[in-house]
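Indexing begins at 1, ligand by ligand and atom by atom, following the structure's order.
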Amino acid sequence: MYQRLARAWAFCVLVLACCAVAQARDLPQIVIVATGGTIAGAGASAVNSASYQAAKVPVDKLLASVPEISTIARVRGEQAFQIASESFTNEHLLTLARKVAELAARGDVDGIVVTHGTDTLEETAFFLNLTVHTAKPIVVVGSMRPGTALSADGALNLYDAVAVAGEPTARAKGVLVVMDDCIWSGRDVAKTINIRTDAFQSPWGPLGMIVEGKSYWFRAPVKRHTTESEFDIARIVTLPRVDIGYGSGNANGDAFKAFAAAGAKAVVNAGTGNGSVSADVVPVLQQLTSQGVTVVRSSRVVGGGFVIRNAEQPDDKYGWVAAHDLNPQKARILTMLGLTVTSDPVQLQRMFWEY
Ligand code: DGL
């Protein structure tokens with residue numbers, strides 16, 4: 001009698017174990033590429049939500065801190081860097097994009113999550129959006145508070161990012177950013193607030209939301225990205241120097257002259273209003289254009305609208321490029337990539353309309 005019961009019990013355990021293995025085998029395979037930032041940060045106490053040290057917690061510890069992730073995906077971590085993102089360089093961008101592209105090409109990878117500091121997260125997301133040729137979900141995620149803080153946002157952001165990266169409906173939507181329950185396009189999301197957890201916004205709104213691990217989509221990108229991009233990280237060896245100058249009252253062109261003297265191949269003007277350029281700066285930028293330096297007009301005004309051509313400055317006459325809705329830091333990313341293909345301002349302008 002007892003032997004039969006024991007055998008029945010053992011059989012049930014075996015069946016449950018097989019179901020668990022089969023279920024786990026059905027979970028998406030996600031790789032988390034860690035670069036540092038606040039999501040890997042640590043503060044001296046739980047009330048240090050804004051003063052802390054970024055880039056301290058290694059990726060395996062980050063994963064271990066959110067055990068619920070193992071119920072939605074088979075994940076493994078890779079530590080690409082351990083830095084605060086304000087220190088990202090072009091070399092970091094190239095290295096990261098090559099790593100992401102290499103992972104995306106693997107048959108045992110269904111999606112990729114990049115953990116990143118929030119300060120330059122928007123630049124990295126846009127760079128990956130333009131250079132990694134894959135339809136697999138690539139999700140960039142960060143946090144505004146370290147994991148040691150009260151009401152830390154990193155754990156849920158990371159869980160949500162893995163959920164989206166493993167979601168088939170997230171395919172072919174370009175590089176995504178998941179922050180604060182929202183799914184953003186890596187193309188046009190930006191950090192617009194420097195302390196709150198709802199820091200990331202786009203003038204065109206989120207693509208969707210992620211709630212309790214389920215993605216809800218409301219729109220899809222219409223600009224070129226990933227597999228439709230003419231830029232391919234596999235063919236990019238180095239990036240040209242492109243610098244940003246800030247427009248304000250009493251502006252002068254000294255910074256732009258210094259950028260060009262230091263080897264900048266293009267300068268981005270973070271202009272006032274519609275990317276307007278001070279009368280004292282126009283001749284400096286015209287001189288740079290005549291020296292072969294590309295001039296791109298962006299705007300310091302964020303949160304909506306876009307720079308149009310031939311507004312207060314005759315771009316057609318000057319041979320300048322209008323940055324459309326891209327903020328200065330994103331305009332720098334596209335200009336760098338554009339210059340790996342051409343220095344023709346007409347072709348560069350096409351790129352700003354298309355990407
Ligand atoms: N040092 C900033 C960075 O790594 C911290 C901000 C954050 O990650 O939220 O971008």
Side-chain angles (χ1 to χ4, degrees), residues 32-63 65-66 77-97 99-100 112-129 138-162 164-165 175-202 206 210 244 302 327-330 332-333:
I32 296 183
V33 181
T35 71
T38 295
I39 196 166
S45 84
V47 295
N48 289 122
S49 60
S51 49
Y52 52 82
Q53 288 217 300
K56 289 296 170 201
V57 179
V59 62
D60 292 337
K61 204 171 172 192
L62 212 53
L63 282 175
S65 69
V66 191
E78 293 200 14
Q79 192 80 46
F81 321 118
Q82 185 69 292
I83 59 172
S85 73
E86 62 268 27
S87 303
F88 250 66
T89 65
N90 287 349
E91 279 313 307
H92 287 116
L93 286 178
L94 291 167
T95 302
L96 180 61
K99 162 58 67 182
V100 170
I112 297 155
V113 170
V114 176
T115 60
H116 196 292
T118 58
D119 286 5
T120 62
L121 189 150
E122 66 205 72
E123 299 174 46
T124 299
F126 190 36
F127 186 80
L128 297 174
N129 192 57
I138 299 171
V139 182
V140 188
V141 64
S143 75
M144 295 302 292
R145 297 172 181 156
T148 49
L150 291 174
S151 299
D153 56 332
L156 182 57
N157 283 353
L158 184 58
Y159 177 87
D160 287 345
V162 172
V164 173
V175 171
L176 303 170
V177 172
V178 166
M179 288 288 289
D180 198 36
D181 304 327
C182 289
I183 307 170
W184 303 95
S185 167
R187 175 193 178 273
D188 43 57
V189 74
K191 183 174 182 178
T192 60
I193 302 167
N194 66 352
I195 294 259
R196 295 196 331 230
T197 54
D198 60 340
F200 281 75
Q201 300 293 334
S202 162
I210 170 81
I244 303 171
V302 293
N327 65 26
Q329 52 272 31
K330 289 194 185 244
R332 182 184 78 91
I333 295 292

Could you check whether the rings of H116 and F88 sit parallel, tilted or perpendicular, using 30° and 60° as the cut-offs?
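Correct class here is tilted.
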Could you check whether any side-chain N or O of R145 sits under 3.5 Å from a backbone N or O of S151, counting only pairs where one atom can act as donor and the other as acceptor?
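Answer holds: yes.
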For N157 and S143, test the side chains for any donor-to-acceptor distance below 3.5 angstrom and give the result as yes or no.
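Not at all, the side chains of N157 and S143 share no donor-acceptor pair under 3.5 Å.
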For atom 5 (C) of ligand 1, which protein heavy atom lies nearest, and how many Å away is it?
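Nearest neighbour among protein heavy atoms for atom 5 (C) of ligand 1, to 0.1 Å: T38 OG1, 3.0 Å.
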For a side-chain hydrogen bond (donor to acceptor under 3.5 Å, both in side chains) check, start with the C-alpha distance between H92 and T95, then their side-chain angles and the critical distance, and finish with the verdict.
CA-CA 5 Å; H92 287 116; T95 302; over 6 Å; no
Report yes or no: does a heavy atom of G142 sit under 4.0 Å from some atom of ligand 1?
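It does not; every heavy atom stays at 4.0 Å or beyond.
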For E86, counting its heavy atoms only, list the atoms of ligand 1 lying under 4.0 Å from any of them.
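Near E86, the atoms of ligand 1 are 1 (N), 2 (C), 3 (C), 4 (O), 10 (O).
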Taking C-beta and beyond as the side chain, do P146 and T38 meet within less than 4.5 Å on heavy atoms?
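Yes; the side chains approach each other to less than 4.5 Å.
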Hey, is ligand 1 close enough to K191 that some N/O pair sits below 3.5 Å?
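No: no nitrogen or oxygen of K191 is under 3.5 Å from one in ligand 1.
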Enumerate the atoms of ligand 1 whose separation from the nearest heavy atom of A84 is less than 4.0 angstrom.
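Near A84, meaning under 4.0 Å from one of its heavy atoms, ligand 1 has 1 (N), 4 (O).
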Would you kindly specify which portion of S143 sits under 4.0 Å from ligand 1, judged on non-hydrogen atoms: side chain, backbone, both or neither?
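Only the backbone of S143 comes within reach of ligand 1.
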Going by distance only, is there an N or O of H116 that falls short of 3.5 Å from an N or O of ligand 1?
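N/O-N/O distance under 3.5 Å: no.
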